[in-house]
There are 2 protein chains.
Amino acid sequence: METGDLRSAEVEFVERIGLMSEEDGLPRIAGRIMGLLMLSEEPRTLDDLAETLQVSKASASTNTRLLDRIGMVDRTSRPGDRRAYYRIAPDALERSLERMRRRTQELVELVEEVLPEVPSESARARGRLTTMVRWHRFVLQELTSLQERWEDDDE
Amino acid sequence: METGDLRSAEVEFVERIGLMSEEDGLPRIAGRIMGLLMLSEEPRTLDDLAETLQVSKASASTNTRLLDRIGMVDRTSRPGDRRAYYRIAPDALERSLERMRRRTQELVELVEEVLPEVPSESARARGRLTTMVRWHRFVLQELTSLQERWEDDDE
DNA sequence: TTGATTGTTCAGTTCGGACTGAACGAGGTG
DNA sequence: CACCTCGTTCAGTCCGAACTGAACAATCAA
């Protein structure tokens, strides 16, 4: 088990990723797990994660499951070993973008739903909302093409 | 003062924007203010916002100031009137993108700082981190070009 | 069977940000 | 001056998410 304490620069990195994740709406521990796994040469077990990050096994379990569910980490395994080994999902970056796209899409739908309710006398409001829809649709489309270009370029 | 209660579809919209903002790391009330101002034909005073949203004036004040600071709303004024009138900043959409760019930039710097600390034996980890930097740099650059294309296209 | 090992779930606590009431400051008006 | 109006700030409360300990599967081994 590749445990061992982290060096101070690594601790710092893990904490900063934890804080950034919080701003993203993920629990801090989930972020710390991501940070640690980014730095890890080998996948890590639940106990390893809990011990290295000094959090309870319950938290480690809850948060790895969360990260697994949203596709940010993968569970892997080894022959003759009952434990699960967690690693950063190979497509984690794409998943992040995917999450962003979904959020943008949600906003577009929300605005489109309210638009018919805004009286036609409210010309400024209607114009503003219409622009919002156009903008977010544009962003949505660009994010998709961006990803395609990356995938082409990456190989 | 263009007060008056909101219709139910509008209340629904305002609440949903409030919830989405929370996921973005903004207070719910800040989001509700954004939602309300999106729908408003005229700018609104602090008292108007507080009353319509049924929150304290203190909250309205704190959150309009927050939104003003991050450039999402504007304070406007009228002759012979001491009050401030708040509206969605005309460049609010660009500001959102700006915020996203800053966050991406921060992440790039963070990873670049930790990379030299990762031992050269950790080939997988180093490769992963390097790809992360490349990806986010790519996104950063694309977001900028995206905005330029929008601005050209918009006129 | 008993006893480890691994992981999940749940009840309860903790902690921090959001929100409010109230006091205050800064201007304006009579 | 006294008395508004408008807005900010601060101390304190409240609420909910995050986290933990402990109990509980489930699986394997002896």
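Naming convention: chains lettered A, B, ... in sequence-line order (proteins, then strands); numbering from 1 in each chain. Side chains included, hydrogens not; waters and symmetry mates left out as well; all remaining heavy atoms used.
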Checklist entry - Looking just at side-chain N and O atoms, do A/R75 and A/Y86 make a donor-acceptor pair shorter than 3.5 Å? => result yes
Checklist outcome for this item: The residue, B/R82 or A/L46, whose nearest nucleotide of DNA chain C is more 5′ is A/L46
Next on the checklist: From CZ of A/R69 over to P of C/dT8, roughly how many Å is that when rounded to an integer?
Outcome noted: 13 Å
Next on the checklist: Need one value for A/A60: base, sugar-phosphate or nothing, where a base atom within 4.0 Å counts as base even if backbone is also close, heavy atoms only.
Outcome noted: nothing
Checklist entry - Which atom names give the shortest non-hydrogen contact between B/R101 and B/T144, and what distance separates them? => result CD-OG1, 3.7 Å
Item to check | Side-chain donor/acceptor of B/E94 to backbone N/O of B/Q147, under 3.5 Å | outcome: no
Checklist entry - Where the side chain of A/S61 is concerned, which of D/dC19, C/dT8, D/dG21 is the nearest nucleotide? => result C/dT8
Checklist entry - So does B/R75 get a side-chain nitrogen or oxygen closer than 4.0 Å to the phosphate oxygens (OP1/OP2) of D/dG7? => result no
Checklist entry - Once you round it to whole Å, what is the distance between C1' of C/dT8 and CG of A/L67? => result 16 Å
Checklist entry - Can you find a side chain N or O atom of B/R83 that sits less than 4.0 Å from OP1 or OP2 on D/dT5? => result no
Item to check | Distance test, side-chain N/O of B/S56 to OP1/OP2 of C/dC19, below 4.0 Å | outcome: no
Checklist entry - Are a donor atom and an acceptor atom from the side chains of A/T130 and A/R134 found within less than 3.5 Å of each other? => result no
Next on the checklist: Rounding to an integer number of Å, can you tell me how far A/K57 NZ sits from D/dA25 P?
Outcome noted: 16 Å
Item to check | Shortest side-chain distance from A/I29, nucleotide among D/dG7, D/dG21, D/dC19 | outcome: D/dC19
Checklist entry - Between A/R28 (CZ) and D/dC19 (C1'), how many Å, whole number? => result 11 Å
Item to check | B/S59 vs C/dC19: side-chain N/O to OP1/OP2 distance below 4.0 Å | outcome: no
Checklist entry - Quick one: do the B/R44 and B/S40 side chains pair a donor with an acceptor below 3.5 Å? => result yes
Next on the checklist: Without decimals, in angstroms, what is the distance between A/N63 CG and C/dT8 P?
Outcome noted: 12 Å
Checklist outcome for this item: note: A/R78, atom CZ; C/dT6, atom C1'; distance rounded to Å ~ 16 Å
Checklist entry - Between C/dT9 atom C1' and A/L66 atom CG, what is the distance in whole Å? => result 15 Å
Next on the checklist: Rounded to whole Å, please give me the gap between CG in A/L19 and P in C/dG16.
Outcome noted: 12 Å
